[in-house]
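To start, the structure under review is shown below, and the notes come after it.
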Amino acid sequence: MNKEEIKELFKNKGLDAIGIASVGPYYELKEILEEKVNKGLVTGMEEPDIEKRINPKLIMEDAASIIVCAFPYHIEQENESNISKYCYGLDYHLVIKEKLNNLCEEIKEVDESFNYKIFADNGPLVDRYLAYLAGIGYYGINNNLITDKYGSYVFIGYIVNNYDLEPDNPTSKTCIKCNKCVKYCPGNALEGNYKMDPKKCVSFITQKKEELTSEEVEKMKKNKSIFGCDICQQVCPHNKDICETNIKEFNTNLITTLSEEEINNISNKEFKRRYKDRAFSWRGRNIIKRNIDILKEKSMKR
């Protein structure tokens with residue numbers, strides 16, 4: 001299958017934010033990643049080997065191109081929520097892998113020589129950078145990838161494969177740099193120059209396993225979320241008048257609030273059983289309970 005046929009296949013499945021990235025190596029990215037490491041602007045969740053983050057051929061020897069796809073998850077929510085919007089639907093890791101695997105198997109039915117590896121926020125490569133290279137979107141000051149149709153409310157999946165597909169070009173559009181994300185970030189994580197300290201990000205803090213510092217607790221109290229943080233996306237003008245997701249796994253059977261009473265009365269094992277197919281479950285009940293207790297303490301002091 002050629003590039004146009006592959007894109008058409010994806011679009012027929014409702015995935016219209018798709019592009020092709022080259023296999024690098026991405027030496028221009030290497031400098032950025034090295035600077036982050038040297039300045040301590042990493043969380044420890046990243047792949048530690050920078051060479052693996054810039055060279056897809058270390059993932060797959062015969063890699064010739066990367067098919068990149070954005071999966072929208074925005075849905076209008078009128079009721080108050082205490083978890084990040086990306087957690088409302090089913091776990092995006094599972095959804096993306098299944099959808100991409102089904103598409104790859106369709107390609108393989110046409111051409112048995114098609115070789116591929118699928119990643120959904122679990123691979124060494126920098127998925128937002130791949131999406132930028134593939135022309136799917138552009139970086140915001142808040143480091144999120146912004147797409148025209150879905151704003152920054154997108155997950156990114158990619159397929160390292162052995163098809164020599166012509167790469168797409170990055171878009172010339174840029175963030176309008178209004179700096180609202182910088183102003184309203186509860187963790188003061190954003191510097192306003194496309195750089196950020198991820199360890200100050202409240203989304204990271206709500207998922208941090210180690211004991212929180214008093215400063216981190218205060219940052220959490222500036223937000224009402226017990227898991228994740230959407231402030232920089234909520235205030236972003238690029239997220240005005242965007243399309244809602246057309247992916248049923250992200251717009252049906254939603255969970256927008258976790259009950260304090262429920263969390264207090266179930267075991268970690270039961271929590272995992274109930275929520276194993278949800279993105280907020282990976283850290284377990286104890287972290288969620290800790291966060292609930294922090295915000296409860298805040299409300300009791302009012």
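As a basis for the values below, the full set of heavy atoms in this structure was taken, side chains included, without hydrogen atoms, waters or symmetry mates.
In this structure, the side chains of Leu9 and Glu106 come closer than 4.5 Å at one or more pairs of heavy atoms. Using a 4.5 Å heavy-atom cutoff, the side chains of Val182 and Glu191 are not in contact. In this structure, the side chains of Tyr275 and Leu258 come closer than 4.5 Å at one or more pairs of heavy atoms. Ile59 is not listed as a side-chain neighbour of Lys52, based on a closest heavy-atom distance of 4.5 Å or more. Using a 4.5 Å heavy-atom cutoff, the side chains of Cys229 and Thr206 are not in contact. Asp111 places none of its side-chain heavy atoms less than 4.5 Å from the side chain of Met1. No side-chain heavy atom of Cys236 sits under 4.5 Å from any side-chain heavy atom of Cys181. No side-chain heavy atom of Phe227 sits less than 4.5 Å from a side-chain heavy atom of Ser203.
No continuous path of ILVMFWY side-chain contacts below 4.5 Å connects Ile231 to Ile176, so the two sit in separate hydrophobic clusters. Residues Ile66 and Tyr27 are members of one and the same hydrophobic cluster, defined by side-chain heavy-atom contacts under 4.5 angstrom among Ile, Leu, Val, Met, Phe, Trp and Tyr. Note: the hydrophobic cluster containing Phe271 also contains Tyr88 (ILVMFWY, side chain heavy atoms under 4.5 Å, direct or indirect links). In the hydrophobic cluster analysis, where Ile, Leu, Val, Met, Phe, Trp and Tyr join through side-chain heavy atoms closer than 4.5 angstrom, Val160 is grouped together with Tyr26. In the hydrophobic clustering of this structure, Ile18 does not group with Leu145; members are Ile, Leu, Val, Met, Phe, Trp, Tyr whose side-chain heavy atoms approach within less than 4.5 Å, directly or through other members.
Aromatic pair Phe114/Tyr163: ring centres closer than 6.0 Å. Aromatic pair Tyr138/His238: ring centres closer than 6.0 Å. Checked against the 6.0 Å centroid criterion, the rings of Tyr92 and Phe155 qualify as a close aromatic pair.
The CG atom of Leu15 sits 7.0 Å away from atom CZ of Phe10, with the distance rounded to the nearest 0.5 Å. Residue Ser81 holds its OG atom at 5.0 Å from CD1 of Ile83, rounded to the nearest 0.5 Å. Distance check, rounded to the nearest 0.5 Å: NZ of Lys183 to SG of Cys232 gives 15.5 Å. In this structure, Ile6 CD1 and Cys104 SG are separated by 8.5 Å, a value rounded to the nearest 0.5 Å. Going from atom CG of Leu103 over to atom CD1 of Ile118 covers 8.5 Å, rounded to the nearest 0.5 Å. Separation of atoms CD (Glu261) and CG (Asn264) is listed at 8.5 Å; rounding is to 0.5 Å.
Salt-bridge check for Lys200 with Glu215: failed, with every basic side-chain N at 4.0 Å or more from each acidic carboxylate O. Salt bridge annotation for Asp16-Lys7: absent, with no cationic side-chain nitrogen under 4.0 angstrom from a carboxylate oxygen. In this structure, Lys3 pairs ionically with Asp168, as a charged nitrogen and a carboxylate oxygen lie closer than 4.0 Å. Using a 4.0 Å cut-off between a side-chain N of Lys or Arg and a carboxylate O of Asp or Glu, Lys222 and Glu218 do not qualify as a salt bridge. Contact check on Glu46 versus Lys36 returns no salt bridge, with no Lys/Arg side-chain nitrogen under 4.0 Å from an Asp/Glu carboxylate oxygen. Salt-bridge check for Lys276 with Asp91: failed, with every basic side-chain N at 4.0 Å or more from each acidic carboxylate O. For Asp293 and Lys289, the salt-bridge test passes: some basic side-chain N is under 4.0 Å from an acidic carboxylate O. Salt bridge status for Lys195 with Glu35: present, with a side-chain N to carboxylate O gap under 4.0 Å. Between Arg273 and Glu270 there is a salt bridge, since a side-chain N of the basic residue sits under 4.0 Å from a carboxylate O of the acidic one. Taking 4.0 Å as the cut-off between side-chain N and carboxylate O, Lys108 and Glu112 do not count as a salt-bridged pair.
Judged by distance alone, the side chain of Arg128 and the main-chain N or O of Asn143 form a donor-acceptor pair under 3.5 Å. Asn12 places a side-chain N or O within donor-acceptor distance of the main-chain N or O of Glu8, the cut-off being under 3.5 Å. For Asn122 (side chain) and Ala120 (main-chain N/O), a donor-acceptor pair under 3.5 Å exists by modelled atom type. In this structure, Arg53 contributes its side chain and Leu33 its backbone to no donor-acceptor pair below 3.5 Å. Remark: side-chain polar atoms of Ser281 are paired, donor with acceptor, to backbone N or O of Arg278 under 3.5 angstrom. Side chain of Asn38 to main chain of Glu34: a donor-acceptor pair is present (N/O by atom type, distance under 3.5 Å, no hydrogens or angles). Checked by atom type and distance alone, the side chain of Ser84 never pairs as donor or acceptor with a backbone atom of Cys87 at under 3.5 Å. A distance-only check finds a donor-acceptor pair linking the side chain of Thr245 to the backbone of Pro72 [under 3.5 Å].
Other residues, nucleotides and ligands contribute more than 12 heavy atoms inside 6.0 Å of the CD atom of Gln234. Enclosure of atom CD in Glu61 is not indicated, since only 12 or fewer non-hydrogen atoms of other residues, nucleotides or ligands lie within 6.0 angstrom. Counting non-hydrogen atoms of other residues, nucleotides and ligands closer than 6.0 Å to NZ of Lys13 gives a total of 12 or fewer.
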### Task
Could you walk me through whether Asp230 and Ser225 pass side-chain hydrogen bond (donor to acceptor under 3.5 Å, both in side chains), step by step?
CA-CA 9 Å; Asp230 288 333; Ser225 175; over 6 Å; no
### Task
Given side-chain contact (heavy atoms from CB on, under 4.5 Å), test Ile67 with Asn161 step by step and report yes or no.
CA-CA 8 Å; Ile67 303 168; Asn161 70 93; 3.6 Å; yes
### Message
For Lys173 and Ile146: C-alpha separation, side-chain torsions, deciding distance, then whether side-chain contact (heavy atoms from CB on, under 4.5 Å) applies.
### Response
CA-CA 10 Å; Lys173 293 183 179 180; Ile146 300 169; over 6 Å; no
### Query
Going through the distances and angles, do Phe250 and Ile75 end up as a side-chain contact (heavy atoms from CB on, under 4.5 Å)?
CA-CA 8 Å; Phe250 300 149; Ile75 186 157; over 6 Å; no
### Message
Checking Ile288 against Arg285 for the side-chain contact (heavy atoms from CB on, under 4.5 Å) test, could you report, in this order, the C-alpha distance in whole Å, the side-chain angles of both residues, the deciding distance, and whether it holds?
### Response
CA-CA 5 Å; Ile288 298 283; Arg285 167 191 171 273; 5.6 Å; no
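Side-chain contact, Glu28 with Tyr129: a donor N or O sits under 3.5 Å from an acceptor N or O. Residues Asn162 and Ser113 have side chains that never bring a donor and an acceptor to within less than 3.5 angstrom of each other. Asn115 and Asp62 form a side-chain donor-acceptor contact under 3.5 Å, judged by distance and modelled atom types alone.
What you find for Lys209 and Arg283 is that their closest heavy atoms are CD-NH1, 3.7 Å. In terms of heavy-atom proximity, Leu212 sits nearest to Ile205 at CD2-O, 3.8 Å. Nearest heavy-atom pair, Lys219 versus Gly187, reported as atom, atom and distance to 0.1 Å: NZ-O, 2.8 Å. Listed here is the closest heavy atom pair of Tyr153 and His74: CB-CB, 3.7 Å. The two residues Leu41 and Met196 come nearest to each other via the heavy atoms CD1-O, 3.9 Å. Across every non-hydrogen atom of Lys99 and Ile247, the tightest pair is CE-CG2, 3.7 Å.
Paired with Tyr158 under the rule ring pair (Phe, Tyr, Trp, His ring centres under 6.0 Å), one option of Tyr116, Phe71, Phe119 passes, and it is Phe119.
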